[in-house]
2 protein chains.
Amino acid sequence: MAKSTTPSKPASARQRGVTMTDVAKHAGVSRTAVSFVLSNRENASISEETRTRINDAVQALGYRPNAGARALASRRSDWYGIVTEIVTAPFAVDIIKGAQDQAWLDRRFLLVAPSDQADAQGPNQGLEDAATEKLLEQRVEGLLYAATFHRGVHVPQSANEVPTVLINCFDADGKLPSIVPDERAGGRVAVERLLKAGHTRIGVINLDPDIPAAVGRLEGAREALTAAGLDLDPELVVSGYATADGGYEAAGRILDRYQGEHRPTALFCLNDRMAMGAYDAIKERGLTIPGDIAVIGFDNQELIAAYLRPKLTTVALPFEEMGALGVRTLAALTAGQPIIADQQLVDCPLLERSSV
Amino acid sequence: MAKSTTPSKPASARQRGVTMTDVAKHAGVSRTAVSFVLSNRENASISEETRTRINDAVQALGYRPNAGARALASRRSDWYGIVTEIVTAPFAVDIIKGAQDQAWLDRRFLLVAPSDQADAQGPNQGLEDAATEKLLEQRVEGLLYAATFHRGVHVPQSANEVPTVLINCFDADGKLPSIVPDERAGGRVAVERLLKAGHTRIGVINLDPDIPAAVGRLEGAREALTAAGLDLDPELVVSGYATADGGYEAAGRILDRYQGEHRPTALFCLNDRMAMGAYDAIKERGLTIPGDIAVIGFDNQELIAAYLRPKLTTVALPFEEMGALGVRTLAALTAGQPIIADQQLVDCPLLERSSV
DNA sequence: CGTTCCAAGTAACGCGCGTTACCCACAAGG
DNA sequence: CCTTGTGGGTAACGCGCGTTACTTGGAACG
């Protein structure tokens, strides 16, 4: 029986349209008084008695404030908008989760609008502008743009009308504040982990060398090696498609090229999907992980990293944290505070599992 | 230079607060006239000339309607709300995508609010009620509830105040319309595919036998076998945790139990993660896929299915379609149309890859 | 020339609420 | 007795827009 749930709410709540005036009438006061107690106005002089009378009336009638009307009158919506192709390509949903949670804590609402920037020639060309426009029609107080992978983007003009923060991407032609993962530190920490395990001959399965992720992670790897008095052997860096097949193929090349002691004892795969492929290449050659070859990944794609056998040690992209930080930054901006930094780097933590 | 983008939008657009009155003044007409042309009113008698004059004014001033005010005056928000733990556990984000896209087509907006029903003892207990409440404050015209996995749920009382549709879940104690995958047909189609490939001895890696997914899929499998004049050998059905490890272990058990001709030649894994584990178990025993053992999965978790080697043939859960159908159903309800059906089943299509 | 009718608009009210200015009774102070 | 607060409220305006009723100038009609 559903009868047992929240019996405190009376049936009258079901009839829509209980307004502040109704509450006022029921409590025998003016609408203004109701407004004052409901918005917890500081210097309002309302006696404790009528205050409770009003609250009782609210309960009795099942009054529910009308957010739209409130926004209209107060000229502030408590809404942020986020436009993102994540809805379309759900690789980095955790950004939304982080942002959503943070917004919720701040008693704000997040309007999610779809974008398709990823495929600029797709049928939804212009969807992004439309989405931004729609959000502005809702009078959002700030805008977030989130990308599925770290890259430069072009933000619609109209985004300038309201504070804007970029998440997991950066403004290719302007100076909007942005929040991106610290790829370099991530690459460093990954290689440091391998060094700590005693590996000195480390192969790198690289991504498309031009994207920010590849540049940063490789740079970090180089730093770690240099700090240990080693060099990054260009011979040991091979690129491939950012897929399992690409990783399989690239790992195969590097493993077949060397024998015995010359063979690298560890592979740094610049993303988890490639690590997944590398696993197969290693196993096919009768080698074990991490016994013969240690593997470390990047991205921490749960479905892969946590389910590979052995489970993959990898560096996590801080999606959730970036989302939350985005909202916090936006809150600061809309409150009129100065921008904290043009670009904020968020740490990529190492997740120890069993492949090193 | 950002200067090259959308030069059509004048700088004046940046000053907020261009209102309909401004447009009217600029066009030399009344505000009513502006309202009429902007809302494309049918029987409004506005001459073609003033109509264009008004449109020009809109362009010139960069007028943007205020959705909140419009909602207030027209008493319809064009918003649906969706509350879901998907934000928290992004397994089935495609539901949101499907719903979002459909809503966008209908020129409606989807407000996404988080839930945590999945872990009822979590710190966010009651979050769901709060989310619903918040959505109702926004005066959404309808509500969607979406779950990450097919199951029964309890919906907050207040959801009754407005048309409500459940996606990927069903009302455990009421009669709200719901949309769920046709697990049985999915199980059937999976086994039919194996039968078609000539397999008659089929092992089943089962989930927790109590959840709807397991019940339905197994039932479907049985149907397919019966239709082929075969029986579902209970010996060949083994359960395990719904993880890669669970699948590895269960598949190992089943493979080690039989030798030679008695060994099943195909495995129907009731989800892809278990299939992922089964792959390892099979390969470790020196068997090939699909040569020695064919494998078919369920769920179509892209990250797994598309990247396993060989790629996994599996049955897809129609998340996106369910989301879209949910919005369409909601649209029908809010338009006053009768409920199409208490529970709508959505097809689970077979995705052929290379493991059968 | 008076009436009718219609195209082309406009005045004015209300949506539900925040907010500012104001009011009033009463007590304290001089 | 008159002033001056002060606690406890209220009247009224405006937020930006949809909508209904009303107006007006001219053309058609008899």
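Note on naming: letters A, B, ... go to the chains in the order of the sequence lines (proteins, then strands), and numbering restarts at 1 for each one.
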| Nearest nucleotide by nearest heavy atom, which residue falls closer to the 5' end of DNA chain D, R53(A) or R31(A)? | R53(A)
| request: To the nearest 0.5 Å, tell me how far M322(B) CE sits from E320(B) CD. | output: 11.0 Å
| Pair K97(B) + D101(B), salt bridge at N-O below 4.0 Å | yes
| Position toward the 5' end of DNA chain C (nearest nucleotide), S47(B) or S74(B) | S47(B)
| message | Tell me which residues in residues 32-45 of chain A lie within less than 4.0 Å of DNA chain D, going by non-hydrogen atoms. | response | T32(A), A33(A), F36(A), S45(A)
| So which heavy atom on E85(B) is nearest to which on A147(B), and how close? | OE2-CA, 3.5 Å
| message | Check this for me, if you would: do E161(B) and R64(A) make a salt bridge, where the nitrogen-to-carboxylate-oxygen distance has to be below 4.0 angstrom? | response | yes
Under 3.5 Å, side-chain donor or acceptor atoms of residues 28-46 of chain B against the rest of the protein: list the pairs with distances, not counting sequence neighbours.
from	atom 1	to	atom 2	distance (Å)
S30(B)	OG	T32(B)	N	3.4
S30(B)	OG	A33(B)	N	3.2
S39(B)	OG	S35(B)	O	2.6

| field | Expected output: side-chain E141(A) to main-chain Y80(A) donor-acceptor under 3.5 Å | value | no
| field | Strand DNA chain C in bracket notation, Watson-Crick/G-U under 3.5 Å with | for pairs to another chain | value | ||||||||||||||||||||||||||||||
| message | Please enumerate all residues that pass side chain to side chain contact (heavy atoms under 4.5 Å, CB included) together with N66(A), with sequence neighbours excluded. | response | A69(A), L72(B), R139(B)
| field | Outermost nucleotides of DNA chain C that come under 4.0 Å of a non-hydrogen atom of chain B | value | dA8(C) to dG16(C)
| said: If the threshold is 4.0 Å, N to carboxylate O, is there a salt bridge linking E321(B) and R328(B)? | reply: yes
| Rounded distance (Å) that lies between atom P of dG8(D) and atom CD1 of I54(A) | 13 Å
| said: Just to verify, what does R70(B) make a side chain to side chain contact (heavy atoms under 4.5 Å, CB included) with, not counting sequence neighbours? | reply: P65(B), S74(B)
| Of L135(A), V140(A), L144(A), which meets side chain to side chain contact (heavy atoms under 4.5 Å, CB included) against I82(A)? | L144(A)
